[in-house]
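Naming: A, B, ... by sequence-line order, numbering from 1 per chain.
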Amino acid sequence: MPPVSCLDVFLSLWQNIPMSRHWLRLLCLLIGLAIGLFYAWKVAPVRYTNVPLSALRADYRTDYVMAIAEAYQAEQDLPRAIRRLAFLGPMEPLSYVQEALIYAQAHAFEAREIAMLQALAQALRGGGSP
Amino acid sequence: MKRWPWDLLFALLAGIAGGLLYAWVIAPPQVTLTPDLLRPADREAYYEVIAAAYAANGDLERARARLSLFSEQATASLAAQAQRMLAAGRPFEEIQPLVRLAADLGKPTPPAQPPATPLALVTPLPPPSPTSPATPPPEEITPEPLPTEETLAIPTLPLVTPQSAFTPVPTVGGFFTLSDYRTLCDPERTPGLLQVWVNDERGQPLPGVPLLLVWEGGQEVFYTGLKPELGNGYADALLQAERLYSLQVGGGEPISNLSAPSCPPESGLRYGSIALTFTRK
């Protein structure tokens, strides 16, 4: 009697399963999908590194703009403030300050903090320092 | 004849590929992107802004809270960034807020207790390592002086006036006093080498401190921390033989009449080197 391998057993089993070929393929596809999802979500999930400032959550972006506004209040150096705001992305620097202002007002920041953001926004609009 | 189920295997692999694509590309898990994940350039920009804001408002707790968003050790990161900026030739005005914040973060939080034991006025240098011609001062005091070194009194000879072109940079939060002065006739060290270590009041090395070396007809500004392998508070310069120099640390009182020391004939050297340690008060 010739030796029987595990593979032979498996092949003879699946060839005798009373299921249509299409259902079997679909079942394998779903099993593969489950394996892929489990591996990608649990075993090796996406790790974020080298994130740009623009991708940070709104509160962190607001804090960054807030710090720029604090520095601007003392330095009164608008080009430097614009250079710092440029790290947030390619949009107009004013838009980032306005975004931070909206967040600050919605989250009840202190009046002096809002005033600093407004002063920076005003300077960026061309109004200079108040 | 038994046939290998290639179609099912293909379906399984397609399912795996689809699952990976969905979970990694189409719908990756939503995570909060914190400043800790920032790419290096943006992280440095963030640090710079935090330091600038601190320079503006002096609110150390706020700066500390902002820096706590980063998992790395803030003081070391700020000091390292200051060193990189120095090496890149950035103006010191831009670097100073980082240095100041790093220094202030290193200070004990009030109420500060005075150190239990005062700093030793003279700290002998360790014997030179054959692989490293310059090593920072040891933390422990070695009682016996080296046979080839000569401890001198702090010179009080007339000052060499700095050139008018130099504008002293404000000190990094205090004055620096010379706490150790040594001349060394050591073949392992470059003749005429002036080695300077600058520490804060707790003995921690201070990077980014400007040092002004003045001689007749010239001057040079150099900074601590540009050779981090020798210590964050370390800096050196080469003195020419038979020329008098004045050294000013962080805009403090200059130390005058520095020169490459003469060595005894048995040392095999004509000129030796100088090792100075400054401590912030």
If the threshold is 4.0 Å, N to carboxylate O, is there a salt bridge linking A:Glu70 and B:Arg66?
yes

By ring-ring contact (aromatic ring centres under 6.0 Å, His included) - contacts of B:Tyr46 (at least two apart)
A:Tyr64, B:Phe70

Are the side chains of B:Leu38 and A:Asn50 in contact, using a 4.5 Å heavy-atom criterion?
no

To the nearest 0.5 angstrom, please state how far the CG atom of B:Asp36 sits from the OH atom of A:Tyr48.
15.5 Å

How far does CD1 of B:Ile50 sit from CG of A:Asp63, to the nearest 0.5 angstrom?
7.0 Å

Check this for me: does any side-chain nitrogen of one of A:Glu113 and B:Arg62 sit under 4.0 Å from a carboxylate oxygen of the other?
yes

In terms of heavy-atom contacts, A:Ala71 and B:Ala52 come closest through CB-CB, 3.6 Å

Which residues pass the salt bridge (charged side-chain N to carboxylate O under 4.0 Å, His left out) test with A:Glu92, not counting sequence neighbours?
none

Name the member of B:Leu13, B:Leu9, B:Leu20 that forms the most heavy-atom pairs with chain A at distances under 4.5 Å.
B:Leu20

Which pairs of donor and acceptor atoms, one on a side chain in residues 31-46 of chain A, lie under 3.5 Å apart (sequence neighbours left out)?
none

Select, from A:Ser54, A:Ala74, A:Ala55, the one with the greatest count of heavy-atom pairs under 4.5 Å involving chain B.
A:Ala55

Can you tell me how far CZ of A:Arg57 sits from OG1 of B:Thr34, rounded to the nearest 0.5 angstrom?
8.5 Å

So which residue, B:Gly19, B:Ala56, B:Pro28, ends up with the most heavy-atom pairs under 4.5 Å with chain A?
B:Gly19

In Å, rounded to the nearest 0.5 Å, how long is the span from CG of A:Leu53 to CZ of B:Arg43?
10.5 Å

Under 4.5 Å from any heavy atom of chain A - which part of B:Ala55
neither

Would you say the side-chain atoms of B:Asp42 pair up with the backbone N or O of A:Pro52, donor to acceptor, closer than 3.5 Å?
no

Kindly give the heavy-atom pair with the smallest separation between A:Phe87 and B:Ala41, and that separation in Å.
CE2-O, 3.8 Å

How close do B:Ala14 and A:Leu29 get, counting heavy atoms only, and between which atoms?
CB-CD1, 3.8 Å

Using a heavy-atom cutoff of under 4.5 Å, enumerate the residues of residues 103-111 of chain A that contact chain B, numbered in order, or state 'none'.
none

Greatest number of non-hydrogen atom pairs under 4.5 angstrom with chain A, of B:Pro35, B:Ala17, B:Gly18, falls to B:Pro35

Among A:Thr49, A:Leu88, A:Leu30, A:Val51, who wins on heavy-atom pairs under 4.5 Å with chain B?
A:Val51

What part of A:Arg61 gets within 4.5 angstrom of chain B, counting heavy atoms only: side chain, backbone, both, or neither?
neither

